[in-house]
Amino acid sequence: MSEDPVGAYLRDLDAALAVVPGPARARAAIVAEIGGGLTDAVADLLAGGCPGAEAGRRAVAEFGPPRLVAAEFVPVLVAAQVRRCALALLRTGPLVGTLWLLAAACAQRAALPLAWPVVLAAGAVVAVALAAAVPCTLFAVAVTGPAGRRRVDDPRPASWAALVAVAGAIVGDAVLLTALATQAPALLAGPGRVGSGPALAVLAAAASLTRLTLAVRGAALLRRTRTALADSPSGRPVAPRR
Amino acid sequence: MRAETLKGHLDALLLGALAEGARHGYGLIEALRVGSAGRLDLPKGTIYPALHRLEQAGLVRGSWSEESGRRRRMYELTPAGRRRLGAERAAWQEFAAAVTAVLLPPGSAPGPA
């Protein structure tokens, strides 16, 4: 018995979309929506007198090859992925930053015997990473949302910006965690060990470690978006912009 | 009409087909086909990515709704989409008038020479 052409088409479309980095929920919604369109197309063909088996075959032929349809979705899924990564940075940044600042303030107030030159050097590196990451994050969020109306068709600049932002977060978190590791003996031995300083430092480290893990994963996804865009024939505007 | 020729105008065509009210993807495909007396015939599957791009650009709004027992994703123009459609219409009229003036001057035969 031959396979239902519509079912086979949707399976092929899902497989073609699966290699494009993008939110899984968005991919499932796309397949469901196109499945609905194919169902309508088959119903129209049947109503027009087309035999049952032929209606399915004609409907999928009229929709175009699944790989072509999936390729047209690449900028859409990439923009969604880029926006997701950038929004995650935007939401976690203030929390992670506040925890580290509070931990540093408590350590200073408790006069812990930290190697302050090391702490200040780490702070300087983090400041540079932030100076690159913050504007790039804001840019990526802005151009992949409704505010980016004229640029959303081509997510390449946003993808670059998000990659820089994620790299900044990775550098910042790695430097902070390294600095903390070098100062751990002083933190644990100091008079503030029963205060909130060490506890805040542990909390900040946990937050940074979590974000670092997510950022490394995000960087890998964003690198894949760049490959997907390079391979896609549709990583460009559909209509001429004025 | 060739798909490649149409592709450059797909955004404007979709915005135009949504001017009269909300439609789902297949409804838009049919609106383009019927409205052009069958002359606009794109691979139907390519309409959907274009709609998603327009949605990300804030020109149309998409939402799932229940219709005749089936879930469908309906699209409608946003205020920004209406403004964009107005601009596309004006640009097209200007372009068409200029090309017509050169290709079909008064007194020229409309068919093959």
Side-chain angles (χ1 to χ4, degrees), chain A residues 9 13 17 22 26 29-44 58-80 82-83 143-155 158 232-234 236-242, chain B residues 3-4 6-15 23-30 33-34 41-75 78-81 83-84 87-88 90-92 94-95:
Chain A
Y9 185 94
L13 177 65
L17 289 171
I30 288 167
V31 174
E33 185 181 3
I34 292 185
L38 279 167
T39 304
D40 285 332
V42 170
D44 264 7
R58 270 184 61 186
V60 300
E62 287 172 2
F63 265 63
R67 288 174 64 84
L68 174 72
V69 176
E72 294 285 333
F73 269 111
V74 168
V76 174
L77 288 171
V78 164
V82 165
R83 186 171 179 76
V143 299
T144 53
R149 263 160 216 157
R150 288 176 185 273
R151 281 183 258 184
V152 75
D153 287 341
D154 182 4
S232 162
S234 50
R236 49 172 168 57
V238 168
R241 300 286 161 216
R242 295 177 188 89
Chain B
E4 279 307 309
L6 288 176
K7 205 171 175 185
H9 304 291
L10 184 56
D11 286 13
L13 288 169
L14 291 172
L15 294 177
R23 294 179 195 270
H24 52 79
Y26 192 74
L28 276 166
I29 292 167
E30 284 300 288
R33 192 181 61 79
V34 173
D41 198 14
L42 281 162
K44 293 174 179 171
T46 60
I47 297 288
Y48 294 90
L51 282 168
H52 281 246
R53 280 197 295 272
L54 290 173
E55 185 180 7
Q56 282 184 339
L59 300 176
V60 305
R61 186 181 301 115
S63 57
W64 287 96
S65 69
E66 196 89 14
E67 191 184 281
S68 311
R70 277 182 49 201
R71 286 185 78 229
R72 292 173 185 275
R73 191 155 171 79
M74 302 294 289
Y75 295 91
T78 62
R83 286 195 296 276
R84 175 70 176 271
E88 293 284 356
W92 178 257
E94 194 181 334
F95 175 77

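What you see is a predicted model; the values in this text were computed from it and never measured. Each chain gets a letter, A, B and so on, in the order its sequence line appears, and its residues count up from 1.
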Honestly, the part of E55(B) sitting under 4.5 Å from a heavy atom of chain A is neither

Tell me which of these, A32(A), A41(A), A61(A), G36(A), has more heavy-atom pairs under 4.5 Å with chain B than the rest.
A41(A)

Does atom CD (E94(B)) have a neighbourhood of more than 12 heavy atoms from anything else shown, all under 6.0 Å?
no

Flag the pair E62(A) / I29(B) as yes when at least one side-chain heavy-atom distance between them is below 4.5 Å, and no otherwise.
no

Might you point out which heavy atoms bring Q56(B) and A80(A) nearest each other, and give the distance in Å?
NE2-N, 3.8 Å

Between E30(B) and D44(A), does a side-chain contact (heavy atoms from CB on, under 4.5 Å) hold up when you go through it step by step?
CA-CA 10 Å; E30(B) 284 300 288; D44(A) 264 7; 3.9 Å; yes

Nearest heavy-atom neighbours spanning V69(A) and P49(B)
O-CG, 4.1 Å

The reported gap from CZ in R73(B) to CD1 in I30(A) (rounded to nearest 0.5 angstrom) is 9.5 Å

Is A59(A) close to chain B through its backbone or its side chain, or both, or neither, when contacts mean heavy atoms under 4.5 Å?
neither

G64(A) versus P43(B), closest heavy-atom pair with distance:
CA-CB, 4.3 Å

Which residue, H52(B), R71(B), R72(B), forms the side-chain contact (heavy atoms from CB on, under 4.5 Å) with E33(A)?
H52(B)

Should we say atom CZ of R70(B) is surrounded by more than 12 heavy atoms from elsewhere, each under 6.0 Å from it?
yes

